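Written below as structure tokens is the structure these notes are about.
Remember, it's a predicted structure, so these values are computed and weren't measured experimentally. So you know, we letter chains A, B, ... as the sequences are listed, proteins then strands, and number each from 1.
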2 protein chains.
Amino acid sequence: MLSKKAQYAFRALTHLVENYNKGPVLISEISKKKKIPQKFLESILLGLKQHDILESKKGRGGGYYLKEHPSQTYIATVMRIVDGPISLLPCVSLYFYKRCKNCNEKRCGLHDIMENVRDATLNILERRTLQDLV
Amino acid sequence: MLSKKAQYAFRALTHLVENYNKGPVLISEISKKKKIPQKFLESILLGLKQHDILESKKGRGGGYYLKEHPSQTYIATVMRIVDGPISLLPCVSLYFYKRCKNCNEKRCGLHDIMENVRDATLNILERRTLQDLV
DNA sequence: TAAAACCCTACCAAACAAGTAGGGTTTTAT
DNA sequence: ATAAAACCCTACTTGTTTGGTAGGGTTTTA
């Protein structure tokens, strides 16, 4: 399951897509429009900025905005930043790989199944972009 | 991610598949062979029994065994029993559905994407069975 | 009839989720 | 220049979940 944090992130990003190229958007505006606790939202947006999804402008007239065109940011990327691994097992994860104790990946049935699930999932999440959210 | 509990469950079930039709298997044997804390394993197996995946026999010569042929129990079923929902959002879950606040399913981009992911995932997990574990 | 085996309840520590509180720093319009 | 606007950062809190442990009770069958 996506965490609430991730769901907030997508709701916020949706708002930024809807306001793409209209200049920086206030945290307070996103918070109000999308009903997300402001302080919590702050930390989410900061994380997305630190991972190059967003950019921000300080001072009066500042706010957050998308770094790239909505069609250039993949759903999978955002999920990994906010929630971590997408795969169902560490031993099949591409970005968070950890080998598993008690399973020698070459002949582990569960490994194979979860590898299939990963491929099917990423096939969607690494094609769909923020643009698809609106 | 699958919980450790679910991973234990699959390891235990693998052992039971390997010993299908050889009579009841002791908890203590599964625990030892698959390196699963015995008491924890007990509660896992009990849950699987209560959900009709396993059957057990008490008394001397007792133990756990698969209720049906390994090819008749789906991976998805086990995952739902042990870890709950497979879907990434409550509003796209088939067995644990909850409508979402602040998203009117008809025109929510995220909903659509996660529905696709669910279908792709279940397409695998509802076809693969315990037999595929060995 | 006693040992083998499952069954059940309670408890526990650590980690994580979902925030809240409060203040610091930087920028920019005036 | 300066104050208000806005982002940035740290620490704390509360509740739930995870991953167990402890200890005993009940049922069965050799």
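Rounded to an integer number of Å, the gap from A/K5 NZ to C/dA18 C1' is 9 Å. In this structure, CZ of B/F40 is placed 15 Å from C1' of C/dC11, rounded to the nearest angstrom. Remark: P of C/dA18 and CG of A/L41 are 15 Å apart, rounded to the nearest angstrom. Put simply, CE on A/M1 is 15 Å from P on C/dA17, counting in whole angstrom units. Regarding A/K58, its NZ atom lies at a distance of 10 Å from the P atom of C/dT28, rounded to whole Å.
A heavy-atom distance below 4.5 Å is not found between the side chains of B/I53 and B/K67. Counting heavy atoms from C-beta on, the side chains of A/K49 and A/S56 come closer than 4.5 Å. Inter-residue side-chain proximity for B/T129 and B/T73 is flagged as unmet; no heavy-atom pair is nearer than 4.5 Å. Using a 4.5 Å heavy-atom cutoff, the side chains of B/M1 and A/P90 are in contact.
Among the protein residues, A/Q50 comes within range of the sugar-phosphate backbone only, with heavy atoms under 4.0 Å from sugar or phosphate atoms but none that close to a base. Note on A/L45: nothing from the nucleic acid sits closer than 4.0 angstrom, heavy atoms only. If you check every strand for non-hydrogen atoms under 4.0 Å, A/E29 touches nothing. As judged by a 4.0 angstrom heavy-atom cut-off over every strand, A/K39 is placed among the base-contacting residues.
Contacts of B/R80 classified as side chain to side chain donor-acceptor pair (under 3.5 Å), with partners at least two apart in sequence or in another chain: B/E126. Applying the side-chain contact (heavy atoms from CB on, under 4.5 Å) rule to B/T121 yields the partners A/V117, A/T121, B/I86, B/V117, B/L125; only residues at least two apart in sequence or on another chain are considered.
Heavy-atom nearest nucleotides on DNA chain C were determined for A/G61 and for A/L2, and the one closer to the 5' end corresponds to A/L2. Comparing A/R60 and B/K49 along DNA chain C, the residue whose closest nucleotide (by nearest heavy atom) sits nearer the 5' end is B/K49.
Side-chain N/O atoms of A/Y8 include none lying less than 4.0 angstrom from OP1 or OP2 on C/dA18.
Not one N or O on the side chain of B/S87 forms a donor-acceptor pair closer than 3.5 Å with the backbone of B/L89. Here the side chain of B/D83 pairs no donor or acceptor atom with the backbone of B/L2 at under 3.5 angstrom.
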Side-chain atoms of residues 12-30 of chain A: list all donor-acceptor pairs with protein atoms under 3.5 Å, sequence neighbours left out, distances to 0.1 Å.
unit_1 : atom_1 : unit_2 : atom_2 : d
A/T14  : OG1    : A/F10  : O      : 2.6
A/H15  : NE2    : A/N19  : ND2    : 3.4
A/H15  : NE2    : A/E29  : OE2    : 3.0
A/N19  : ND2    : A/H15  : O      : 2.8
A/Y20  : OH     : A/H69  : N      : 3.4

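When DNA chain D is scanned 5' to 3' for any atom under 4.0 Å from a heavy atom of chain B, the first and last hits are D/dG19 to D/dA30.
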Using Watson-Crick and G-U wobble pairs with both distances under 3.5 Å, what is the 5'-to-3' dot-bracket string of DNA chain D, with [ ] for crossing pairs and | for pairs outside the strand? ||||||||||||||||||||||||||||||

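Near-neighbour residues of DNA chain C inside residues 75-87 of chain B, defined by a heavy atom below 4.0 Å, are absent.
For the atom pair CE of A/M114 and CD of B/Q7, the computed distance is 9.0 Å after rounding to the nearest 0.5 Å. Atom OG1 of B/T77 sits about 11.0 Å away from atom NE2 of B/H51, to the nearest 0.5 Å.
The shortest heavy-atom contact between B/S43 and B/F40 is OG-O, 2.8 Å.
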